[in-house]
Trainee: 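Below is the structure I would like to discuss, written out as structure tokens.
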Amino acid sequence: MKRFIYIFITLLWMISYATAQETFPCRGTATTVLNVRSGPGTSYARVGQLSRGQEVNVIKKSSNNWVQIEFGSQRGYAYSKYLKFSPLPQKANSPPAKSSSGSSSWSFWKVFWSIIIWGIGIYLGLVVLYWVFKALLIVYFIVSAVFTFTFRIISLPFFWLNALQRYMAKPWFIFFKKNRFSNDTNENLRFIFDFLQIPFYLLLFPLRIANAVFFNLLVHCSFEMFNYVMEVFSPSEDEEGYDDFIQWIVLLPYRIIKYVIWHGSLTIIESVIWTVVEIFLPTLTLFHGTSNNAADAIVASPNRGSYRGRDVGIWRVGGGNYAGNGIYFAPARSTAKHYSAGAIIVCRVTLGNTLDLGIAPYHVYYQCGKPNALEATRWGLDNDYVTGEWWRPDEGWWEYCMYDWQNRYNYSWRIRPLYVIDLYNGHIQRIPGGMCHWLFRKLVIKDILTSIFDD
């Protein structure tokens, strides 16, 4: 900041010097055909005439807006209102240059000072622009808080539609919270319910479209664009202009192209693709409770922002795992808040073939409720189940465990974050550099191919 103040003071001095018009002796340029007289007034005899654009040496100022000039080999007086003044490019006692060379010399200085003045003007304009942006950031945070509040209200019907999609996909599941039948009966129930899901799948087609469009195209794109715009106005990286005014100015076009245009376009393309996918593959909006740092690391891109580690952008299996080893999601925000240490990740999750633990084999269900239910994970994956759905009787809520055997779903396309809620202030959390593109990654493509061919 001190360097900025020194530069600004120096520029003010240069402006005052460059704009001084009547410091004598100096040069004068006739703005029209101008008479030269023997004295400072029209009553004196005319001793010569200046053509428009002709330059002369101005020696001193006389009374009544008249100045004494030196033109050719003689001196006289001219009316100052018809002269344009500029600094003298040579010593005051030097003989006047010839008309041709003087014109050439003045052209150089005219261009030089024009560049200086224009440069100072542009620089000061950028300074003003910089501080306007800083002021807009404050307004932007206020608007974002209002936007978050408004979003909560507007999104309520769609979260209800999301819950309706979940219940209507298999409305019988609420009657099987506990595993109360024999293994043979449960096996028959699983077989019957697999076929019963088909008509409900067809019936919910319009509802899947509405939820996919809202959560992917409107919600995800909006909050990602918030991250990109913040990188333009308030960069998080030192090499992109963080806390450095000169870099901030120079790299402004680069940040606009990189974040708003390039990554913004990829986000829209990605969201359109996921919207189409979710119309055919049933997907729900679910909640994952974790810490703020973990949330940043999970959703952040390993190539942008301050995230450069090898473990960035992945999901990790935590402790407990009472319904199997894997990544846990809750259909209710309050449930995720119970597991949270400061943040909640709101995700679109393609659960895939889901094992209802209420009608699973009893020895699998018996594992649930105990730490590290490895049998539930093993049996689920061996029988082509991607996710386990469990009613936790001691707490009275539903949980989904996306089975993660040997970290298969750490980079999964089945889990796509929409935004992160900071529970300390209730606002949407900024992700420096923006969230990871969950489609355009080699490991995601590999996981998709693995899921297709292994199944």
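Just so it is clear, the structure is predicted and the values come from calculations on it, not from any experiment.
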Trainee: Between Phe158 and Phe214, does the ring centroid distance fall short of 6.0 Å?
Mentor: yes
Trainee: How about Arg348 and Thr285: does a side-chain donor come under 3.5 Å of a side-chain acceptor?
Mentor: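 A donor-acceptor contact under 3.5 Å links the two side chains.
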Trainee: Taking the side chain from Tyr254 and the backbone from Val250, do they hold a donor-acceptor pair closer than 3.5 Å?
Mentor: no
Trainee: Between CD1 of Ile279 and CG of Asn211, what distance do you get to the nearest 0.5 Å?
Mentor: 11.0 Å
Trainee: CG/Leu351 to CG/Leu281 distance, rounded to the nearest 0.5 angstrom?
Mentor: 11.0 Å
Trainee: Please report the shortest heavy-atom distance between Ala330 and Ala336, naming the atom on each side.
Mentor: CB-N, 3.9 Å
Trainee: Please confirm whether the backbone N or O of Tyr424 pairs with a side-chain atom of Asp422, one donor and one acceptor, at under 3.5 Å?
Mentor: yes
Trainee: May I ask you to test the Leu284-Phe329 pair for a side-chain heavy-atom distance under 4.5 Å?
Mentor: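 Leu284 vs Phe329: side chains apart.
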Trainee: Scan side-chain atoms only and decide if Asn353 and Asp384 contain a donor-acceptor pair under the 3.5 Å cut-off.
Mentor: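 The answer is no; no qualifying pair exists.
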Trainee: Between Trp379 and Tyr365, is the gap from one ring center to the other below 6.0 Å?
Mentor: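 Centroid separation for Trp379 and Tyr365: 6.0 Å or greater.
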Trainee: What's the spacing between Asn183 CG and His363 NE2 if we round to 0.5 Å?
Mentor: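 Rounded to the nearest 0.5 Å, the CG-NE2 separation comes out at 7.5 Å.
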Trainee: Do any N or O atoms from the side chain of Arg255 and from the backbone of Glu240 form a donor-acceptor pair under 3.5 angstrom?
Mentor: yes
Trainee: Any side-chain to backbone donor/acceptor pair from Asp356 onto Ile359? Under 3.5 Å, distance only.
Mentor: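 Pair absent, no side-chain N/O of Asp356 close to backbone of Ile359.
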Trainee: State the CH2-CG distance between Trp398 and Leu357, to the nearest 0.5 angstrom.
Mentor: 9.0 Å
Trainee: Restricting to non-hydrogen atoms, name the atom on Pro361 and the atom on Arg190 that form the minimum distance, rounded to 0.1 Å.
Mentor: CD-NH1, 3.6 Å
Trainee: Should Phe287 and Tyr328 count as side-chain neighbours, where that means a heavy-atom distance under 4.5 Å?
Mentor: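 Sidechains of Tyr328 and Phe287: no contact.
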Trainee: Under the side-chain contact (heavy atoms from CB on, under 4.5 Å) rule, what do Met225 and His263 come out as? Steps first, then yes or no, please.
Mentor: CA-CA 9 Å; Met225 196 58 67; His263 287 294; over 6 Å; no
Trainee: Please report the C-alpha distance between Phe181 and Tyr362 in whole Å, then the side-chain angles of each, then the deciding distance to 0.1 Å, and finally whether the side-chain contact (heavy atoms from CB on, under 4.5 Å) criterion is met.
Mentor: CA-CA 8 Å; Phe181 301 107; Tyr362 186 76; over 6 Å; no
Trainee: Looking at Ile246, is its backbone amide N or carbonyl O close enough to the side chain of Asp244 to form a donor-acceptor pair, meaning the two atoms are under 3.5 Å apart?
Mentor: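 Side chain of Asp244 to backbone of Ile246: a pair is present.
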Trainee: Quick one: are Glu399 and Tyr339 in side-chain contact, heavy atoms under 4.5 Å?
Mentor: yes
Trainee: Below 4.5 Å, heavy atoms only, C-beta onward: do Tyr242 and Pro432 meet side chain to side chain?
Mentor: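 Tyr242 vs Pro432: side chains apart.
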Trainee: Are His220 and Trp274 near enough that their ring centres are under 6.0 Å apart?
Mentor: no
Trainee: Between Ile428 and Phe223, what is the shortest heavy-atom contact and its length?
Mentor: CG1-CE2, 3.5 Å
Trainee: Ignoring hydrogens and geometry, is there a side-chain-to-backbone donor-acceptor pair from Asn188 to Asp184 under 3.5 Å?
Mentor: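 Yes, Asn188 side chain to Asp184 backbone: donor-acceptor pair under 3.5 Å.
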Trainee: Looking at side-chain heavy atoms only, is the closest gap between Ile421 and Gln429 below 4.5 Å?
Mentor: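 Ile421 does not reach Gln429 side chain to side chain.
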Trainee: Please tell me if the side chains of Ile344 and Lys337 come closer than 4.5 Å, counting only heavy atoms from C-beta onward.
Mentor: yes
Trainee: Taking the six-membered ring for Trp and the full ring for Phe, Tyr or His, determine whether the centres of Phe173 and Tyr167 are under 6.0 Å apart.
Mentor: yes
Trainee: In terms of ring plane angle, is the pair Phe200 and Trp172 parallel, tilted or perpendicular, where the classes change at 30° and 60°?
Mentor: perpendicular
Trainee: Over all heavy atoms of both residues, which pair between Ala323 and Trp390 is shortest? Give the atoms and the distance, please.
Mentor: CB-CE3, 3.4 Å
Trainee: Is it the case that the side chain of Thr377 and the backbone of Asn325 share a donor-acceptor pair, with hydrogens and angles ignored and the cut-off at 3.5 Å?
Mentor: yes
Trainee: Pairing donors with acceptors under 3.5 angstrom, does anything connect the side chains of Ser236 and Glu231?
Mentor: yes
Trainee: Just by distance, with hydrogens left out, do Thr267 and Tyr228 show a side-chain donor and acceptor under 3.5 Å apart?
Mentor: yes
Trainee: Decide whether a cation-pi geometry holds between Arg208 and Phe280; the criteria are a distance under 6.0 Å from NZ or CZ to the six-membered ring centre and an angle within 45° of the ring axis.
Mentor: no
Trainee: With a 3.5 Å cut-off and no angle check, do the side chains of Thr354 and Thr387 form a donor-acceptor pair?
Mentor: no
Trainee: Are side-chain N/O atoms of Tyr400 and Glu389 paired as donor and acceptor at under 3.5 Å?
Mentor: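 Side chains of Tyr400 and Glu389: pair found under 3.5 Å.
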Trainee: Got a donor-acceptor contact below 3.5 angstrom from the Ser340 side chain to the Gly342 backbone?
Mentor: yes
Trainee: Does the gap between the ring centers of Phe159 and Phe215 come in under 6.0 Å?
Mentor: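 Yes, the ring of Phe159 comes within the 6.0 Å limit of the ring of Phe215, centre to centre.
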Trainee: Donor-acceptor pair, distance only, cut-off 3.5 Å: does the side chain of Thr290 make one with the backbone of His288?
Mentor: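 No.
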Trainee: Between Tyr259 and Met230, is there a side-chain heavy-atom distance shorter than 4.5 Å?
Mentor: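 No, every pair of side-chain atoms sits at 4.5 Å or beyond.
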Trainee: Is it the case that the side chains of Asn227 and Glu224 hold a donor-acceptor pair, with the cut-off being a distance below 3.5 Å and no angle test?
Mentor: yes
Trainee: Out of curiosity, Ser155 OG to Asn162 CG, how far, rounded to the nearest 0.5 Å?
Mentor: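 That separation rounds to 10.5 Å.
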Trainee: If you compare all heavy atoms of Val420 against all heavy atoms of Ala343, which two are closest, and at what distance to 0.1 Å?
Mentor: CG1-CB, 4.1 Å
Trainee: How about Lys177: does its NZ atom have over 12 heavy atoms from other parts shown lying under 6.0 Å from it?
Mentor: yes
Trainee: Measure across Met435 and Ile431 and return the closest heavy-atom pair with its distance rounded to 0.1 Å.
Mentor: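 Smallest interatomic distance, heavy atoms only, reads CG-CG1, 4.0 Å.
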Trainee: Does the ring of Phe226 carry Arg430 above it, NZ/CZ under 6.0 angstrom from centre and within 45° of its axis?
Mentor: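 Judged by the rule, Arg430 and Phe226 form no cation-pi pair.
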Trainee: Can you list the steps and then say if Ile327 with Val317 is a side-chain contact (heavy atoms from CB on, under 4.5 Å)?
Mentor: CA-CA 6 Å; Ile327 314 300; Val317 177; 4.2 Å; yes
Trainee: Please check: side-chain N/O of Trp248 versus main-chain N/O of Phe233, any donor-acceptor pairing under 3.5 Å?
Mentor: yes
Trainee: Would Glu278 and Arg416 satisfy salt bridge (charged side-chain N to carboxylate O under 4.0 Å, His left out), going step by step from the backbone distance to the final call?
Mentor: CA-CA 11 Å; Glu278 291 179 8; Arg416 302 182 296 279; 2.3 Å; yes
Trainee: So how far is it from Phe193 CZ to Asn186 CG, rounded to the nearest 0.5 Å?
Mentor: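 It is 9.5 Å, given to the nearest 0.5 Å.
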Trainee: What I'd like to find out is whether the side chain of Cys368 reaches to under 4.5 Å of the side chain of Tyr322, using heavy atoms alone.
Mentor: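 When only atoms from C-beta onward are counted, Tyr322 and Cys368 do not touch, as no gap falls below 4.5 Å.
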Trainee: Please evaluate residues Leu355 and Tyr403 with respect to the criterion side-chain contact (heavy atoms from CB on, under 4.5 Å), reporting the C-alpha separation (whole Å), side-chain torsions for both, the decisive distance (0.1 Å), and the verdict.
Mentor: CA-CA 10 Å; Leu355 172 63; Tyr403 295 133; 3.8 Å; yes
